[in-house]
Colleague: 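After the structure tokens below, expect a handful of questions from me.
For ligands, and for the atoms within them, numbers begin at 1 and follow the listed sequence. Being a predicted model, the structure only gives us computed values, none of them experimental. Any value given below was found using the heavy atoms of this structure, including those in side chains, with hydrogens, waters and symmetry copies removed.
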Amino acid sequence: MSDDKSKNDADAVKGTGLNRRGFLGVSALTGAVLAGGTALGSAVFTRESWAAAAKDAQSKIHVAPGELDQYYGFWSGGHQGEVRIMGIPSMRELLRIPVFNVDSATGWGLTNESKRVLGDSARFKNGDCHHPHLSMTDGKYDGKYLFINDKANSRVARIRLDIMKCDKMLTVPNVQAIHGLRLQKVPHTKYVYANAEFIIPHPNDGSTFDLQDKNSYTMFNVIDAEKMEMAFQVIVDGNLDNTDADYTGKYAASTCYNSEKATDLAGMMRNERDWVVVFNIPRIEAAIKAGKFITVGEAKSPVVDGRKKDGKDSEFTRYIPVPKNPHGINMSPDGKYFIAAGKLSPTCTIIATAKLDDLFNDKLKDPRDVVVGEPELGLGPLHTTYDGRGNAYTTLFIDSQIVKWDIEEAIRAYTGEKVNYIKQKLDVQYQPGHNHASLTETRDADGQWLVVLCKFSKDRFLPTGPLHPENDQLIDISGDEMKLVHDGPAFAEPHDCVLARRDQIRTKKIWDRDDAFFAETVALAAKDGIKLESDNKVIHDGKKVRVYMTSMAPVYGINEFTVKQGDEVTVTITNIDKVEDVTHGFVMTNHGASMEISPQQTSSITFIADQPGLHWYYCSWFCHALHMEMVGRMLVEKA
Ligand code: RUQ
Ligand code: CUA
Ligand code: CA
């Protein structure tokens, strides 16, 4: 098949740097991005050839009406701020989980329960999710949590997978822009590893722009996954981009593209090599236990210094030089290798985890001694994923391709042996960022499906005006050859995704009445002497009015209530329906109040009754033949 073609490409890059896409050198990368990705590689498809391939693929991905998908997909919603649940292989969107955004349907960001989760950061209405990851026990998904970063406002959130709601959120102190996020795999997800991308001065008090000063740095952030509190932070040289963890529980590794500590594009591309930074977690834990840490600013979380001092490594970190502005770093499912993608270099760097102990015990002369391979793959390598059969799949942003390559063969080639480690290059449409093979980041990597998140869709869908959807493509990797089987338009901007087998995710059908998600609301009601499952009562407490009611299709427990203009009204509704899928809503017209109340859930919302008059409230989730009639009225008397 395309082995020869691939080889020619690799040779061409190695040699003259001139091939069919030779006009796009490294310096043109940024140009290509700015020009909206003019570099489409050999992606010359015809409608006819595409249609033929699609017909063959159709049978593979067809999930008939009433049938269920094999896998759950969890997609980041990018700067839309949410997480999306997908079915694979149908690529149908099942549900959205609002996290860092405000959601009108569920009332996320509006209800008291969601505001408690959002905490101080409830003042932000935006977020920028990149990396959703599922908690693990012994390197396998355990179905408990999903964690997601917010680059925009430096947060990390946790989603409970049993109810598919965000239940905790943490603003990481003293850093800017949480980007790379991965989880400890072994023995279990005790820690969330979160990279802060941008270097800032400390204290960041408005007195300087200077990044070269020793008080300007960023940190590697480690969060206690169960408590969702800071465990510790590590000061680093340079900046941090992506991260991953190994299968011993001992090491995490992050890419750094700004070893220059530069402030502009040219400066950030000055060095031929930046770093993969490796963190020795047990050593950091030991230092903190021994009280050998500092704190930064007002935050109480322990901080250790992982920077080099006078050219000497700290005990906590090692800096491995890798080319050039590296981006993704991905642990292979056999636990043997961290593979870092070169981005501005056409290579990936293979780091052997078996050599990391020696690296930290200073038994190696050169940190590059842990590098066992550096295959040339194509232009703009960003992320790598695995099929569990020894193959790696790397996205080539500039080439608009996925390259499939054999890891062990690439390692042999590094020793000088003549092997063609490149197995196939497949055009994708267009400019792929992340890719993700089914269960690839766990011991269960099964090599069935590969999702490719393409940043440009161009001509693949009906035109939608200047703003285009992205294109999330599905590739069958179960055979020897990669086959593109589905195009999926997606709204801004799925950065990354994970796939889990459907038996690994177990959700509740209706809420438990003692669920922690609304426990505080229940406790507040108890103070008013209210039994939420049965009581319908209005309590006037000075300028505060608390309305407690039940909902059961198609009626609210309270049909009308009266308040005074300027009162702060809190409506607390308990859905006493026990029927799966019978969700009610509550919308108070002209007050910006809207929320979901699923079976056996309690939800509450607070607003100011600032407009005298009669205001209808109604159920917003279609629940019954008489759903339209599920209404009530609030009378606001003039102050
Ligand atoms: S990073 S396109 Cu935000 Cu995951 Cu690589
Ligand atoms: Cu209750 Cu619609
Ligand atoms: Ca750089």
Colleague: Check the orientation of Phe518 and Trp511. Use parallel for under 30°, tilted for 30 to 60°, and perpendicular for over 60°.
Modeller: tilted
Colleague: To 10°, measure the SG(Cys619)-atom 2 (Cu) of ligand 2-O(Trp621) angle for me.
Modeller: 90°
Colleague: For His133 and Phe147, I'd like to know if the aromatic rings sit close, meaning centre-to-centre distance below 6.0 Å.
Modeller: no
Colleague: Quick check: of its N, O or S atoms, which one does His627 have closest to atom 2 (Cu) of ligand 2?
Modeller: ND1
Colleague: Among protein atoms, how many N/O/S atoms lie less than 3.0 Å from the Ca ion (ligand 3)?
Modeller: 7
Colleague: What orientation do His434 and His131 show, parallel under 30°, tilted 30 to 60°, or perpendicular over 60°?
Modeller: perpendicular
Colleague: Side chains of Asp577 and His584: any donor to acceptor distance under 3.5 Å?
Modeller: yes
Colleague: Would you call Arg182 and Glu441 a salt bridge, using N to O less than 4.0 angstrom?
Modeller: yes
Colleague: Compute whether any side-chain donor of one residue and acceptor of the other, for Glu596 and Thr583, lie under 3.5 angstrom apart.
Modeller: no
Colleague: For the ring pair Phe220 and Phe279, is the centre-to-centre distance below 6.0 Å?
Modeller: yes
Colleague: Using a distance threshold of 2.8 Å, state whether an N, O or S atom of Phe622 lies below it from atom 2 (Cu) of ligand 2.
Modeller: no
Colleague: Take atom 4 (Cu) of ligand 1 and tell me which protein N, O or S atoms are nearer than 2.8 Å.
Modeller: His131 NE2, His434 NE2
Colleague: Are Trp405 and Tyr393 an aromatic pair by the rule of ring centers under 6.0 Å?
Modeller: no
Colleague: Would you kindly check if the NZ (Lys) or CZ (Arg) of Lys455 is within the cone defined by 45 degrees around the ring axis of Phe397 and under 6.0 Å from the six-membered ring centre?
Modeller: no
